[in-house]
Amino acid sequence: MADTAATNDLPQESGEEAADYSGPKYHAQQKVLCIDTNNNTSDDAFAPLYEAVIRKSELKYIDPTTQKILPNRKRGRGRGRVGAATVDALDQNTNDLGTGLLQEWCHHVHFNGWNSRWDRWVTERDIFENTIENRKRLSENSGKVARSQPKQKEETKKRKRGASTTADNDAESSSSPLNRNLQLITRACELPFTLQTVLCDDRDNIAVKVHPPPILSASCSSKQQQRRNNKKAITMLHVIPAPTSIVDLMGQYILTKKQEDLETFANYHRRLQRDLSGNSSCSDGGVGEESSMDVILTKEDLKMNKKKRKEFALSILALVDASLPLFLLYAEERDQFTKLMAQFAKEDDKQSDNDQTPKRQPSHLYPAEYLLRLFVKIPYLLSEFDLKKNNPASILLADEKTQDFARFLSELIVFIQKRVDECFTGNYQAVEVDD
């Protein structure tokens, strides 16, 4: 007891303030009103108050210059602990503060209605008792300082509203006549598996490069053998002009469908006459094909169908001539196209002096494989080029034109599919290329 009394009677060092060990002013689970220290104003009398609950209380060091709570000096690893470097810096900071370092009761508070990540340590100067007078201050100033979490919530709601608005706009745009017409053509130009196989085989023939084996001969010198062995790689390119060009294919398509329309027209009227004569039970095999085709009632319908099919064929040929360079996927094809078109242009110029023959276009030179490449890109071409040129005769701007184009396009794909061996002869030539 004497030692304790002697210790208490020891004088304190000059300038050192005694810590307040009398106990905390507030206790755990007590409902209080607290200042938001992150958004605090210069004068605490006008700072808004928020409802809070005290979780726990501890004695903590306070920086006398900034009045901020210093972290606990804990060593080791794990969550909530600081490393050795932080502890050394804190010790240095404590030494720099000298004898002015204070220790006060601080409270860990939780703001009502907020996530626990907003919990923080505050001093007793920032806490007020939950009285009627202080709650008036709460109601007056509760909306003056905007906290960060409500902003995040509002931004999240705005983003959600924006996403829903975007989805509604997409749904509205997909229901627009222009998009409906584009989707109709996209479905019409889908290639069946047999034609997809033709495109894959064509790609393999052109893309694969074959290197010839080295030649060893005792009679040849080393330079001659090296010159022979340094041959370029070999790849395959289409023979241009092709034996069966795209123009030839479209001509066969028009003639074949014209004959089918005439047969359908004749069969329909033959059956109609039999029905009128009372011999409806008698029918020939040609009528069965009519059910899968449009019924042609009059000669005007026959002429109109022929005219529309011819316009469709001319539009396909125009697309091929205008956009064929887009389908030349390999450098060897592009070089071949440049050389051939320059050569044919010179020949056409010489022939134009003698007669009025039209110039040869890519559709007169290239085989049907490039027509399949066009089918894959037709939706892109119509949406990007035809519409941007503000063409009043654009296919996508009129529902009737779109339906006719999609109908004839599906008809052409079926026509090609049934004649794969005739349309795709596979005429390639070997060409030396650089590696």
Side-chain angles (χ1 to χ4, degrees), residues 180-192 194-195 242 244-270 286-324 358 361-379 381-383 385-386 391-420 422-424:
R180 286 201 307 268
N181 294 338
L182 184 61
Q183 292 175 2
L184 180 62
I185 294 179
T186 303
R187 290 192 297 267
C189 65
E190 292 180 355
L191 298 180
T194 53
L195 299 183
T244 304
S245 63
I246 298 176
V247 171
D248 299 334
L249 176 61
M250 297 302 296
Q252 295 176 7
Y253 160 72
I254 291 177
L255 292 177
T256 304
K257 291 304 176 180
K258 178 182 178 181
Q259 294 176 358
E260 291 181 359
D261 289 348
L262 291 173
E263 292 177 1
T264 304
F265 178 77
N267 293 333
Y268 173 77
H269 286 279
R270 190 181 301 117
V287 180
E289 299 178 357
E290 179 188 347
S291 59
S292 61
M293 305 177 64
D294 294 336
V295 177
I296 302 175
L297 301 179
T298 62
K299 292 184 178 181
E300 287 73 15
D301 296 337
L302 187 65
K303 293 179 180 179
M304 182 59 67
N305 205 29
K306 176 183 175 181
K307 180 182 178 181
K308 290 182 178 180
R309 186 177 285 111
K310 185 177 180 180
E311 292 177 353
F312 163 76
L314 292 176
S315 62
I316 290 293
L317 294 178
L319 285 174
V320 172
D321 295 335
S323 59
L324 182 66
Q361 298 293 335
S363 58
H364 295 79
L365 305 173
Y366 279 81
E369 285 82 357
Y370 294 88
L371 185 59
L372 297 184
R373 299 187 188 184
L374 173 68
F375 292 159
V376 177
K377 293 293 185 180
I378 277 182
L381 294 175
L382 294 180
S383 60
F385 296 98
D386 199 14
N391 184 10
S394 176
I395 297 173
L396 297 177
L397 296 179
D399 294 341
E400 184 179 358
K401 288 184 178 180
T402 303
Q403 294 173 3
D404 292 337
F405 188 88
R407 177 167 63 91
F408 291 128
L409 183 59
S410 302
E411 188 181 68
L412 177 60
I413 292 176
V414 173
F415 171 82
I416 297 174
Q417 183 184 11
K418 292 181 178 179
R419 296 163 179 82
V420 172
E422 301 175 9
C423 298
F424 308 102

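Hydrogens, waters and symmetry mates play no part in the numbers below; they use all other heavy atoms, side chains included.
- For the 3.5 Å distance criterion, the side chains of Asp261 and Thr264 fail to qualify, holding no donor opposite an acceptor.
- A distance of 12.0 Å separates CD1 in Ile416 from CD in Glu422, rounded to the nearest 0.5 Å.
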Subject >> Residue pair Phe405, Ile378: steps toward the side chain to side chain contact (heavy atoms under 4.5 Å, CB included) verdict >> reply: CA-CA 11 Å; Phe405 188 88; Ile378 277 182; 4.2 Å; yes

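- In this structure, Leu302 CG and Lys307 NZ are separated by 14.0 Å, a value rounded to the nearest 0.5 Å.
- Using a 4.5 Å heavy-atom threshold, the side chains of Leu374 and Leu381 count as touching.
- Rounded to the nearest 0.5 angstrom, Arg419 CZ and Gln252 CD are separated by 8.5 Å.
- Counting only residues at least two apart or in different chains, side chain to side chain donor-acceptor pair (under 3.5 Å) contacts with residues 364-374 comprise Asp202-Arg373, Glu333-Tyr370, Glu333-Arg373.
- Applying the side-chain contact (heavy atoms from CB on, under 4.5 Å) test to Glu400 and every residue at least two apart in sequence or in another chain returns Lys308, Asp404.
- A distance of 8.5 Å separates CG of Leu314 from CE of Met250, quoted to the nearest 0.5 Å.
- Rounded to the nearest 0.5 Å, atoms OH (Tyr268) and CG (Asp301) are 10.0 Å apart.
- Between Lys257 and Lys306 there is no side-chain heavy-atom pair separated by less than 4.5 Å.
- For Thr244, the side-chain contact (heavy atoms from CB on, under 4.5 Å) partners two or more places apart in sequence, or in a different chain, are Asp248.
- Scanning all heavy atoms of the two residues, the minimum distance from Cys189 to Leu409 falls at CB-CD2, 3.5 Å.
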Sequence neighbours left out, cut at 3.5 Å: what donor-acceptor pairs do the side chains of residues 315-324 make with other protein atoms?
from   : atom 1 : to     : atom 2 : distance (Å)
Ser315 : OG     : Glu311 : O      : 3.3
Ser315 : OG     : Phe312 : O      : 2.6
Asp321 : OD1    : Ser363 : N      : 2.9
Asp321 : OD1    : Ser363 : OG     : 2.9
Asp321 : OD2    : Ser363 : OG     : 3.4
Ser323 : OG     : Leu319 : O      : 2.4

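- Here the NZ-NZ distance, from Lys299 to Lys303, works out to 7.5 Å after rounding to the nearest 0.5 Å.
- Under the ring pair (Phe, Tyr, Trp, His ring centres under 6.0 Å) criterion, Phe415 pairs with Tyr253, sequence neighbours left out.
- Across all their heavy atoms, Leu365 and Ser245 have their closest contact at N-CB, 4.2 Å.
- Partners of Leu191 according to the side-chain contact (heavy atoms from CB on, under 4.5 Å) rule, which considers only residues two or more places apart in sequence or in another chain, are Leu195, Gln196, Leu199, Leu372, Phe375, Val376, Ile413.
- Smallest separation of non-hydrogen atoms from Ala188 and Ala406: CB-O, 3.6 Å.
- With sequence neighbours excluded, the residues satisfying side-chain contact (heavy atoms from CB on, under 4.5 Å) with Thr402 are Asn181, Leu184, Ile185, Ile395.
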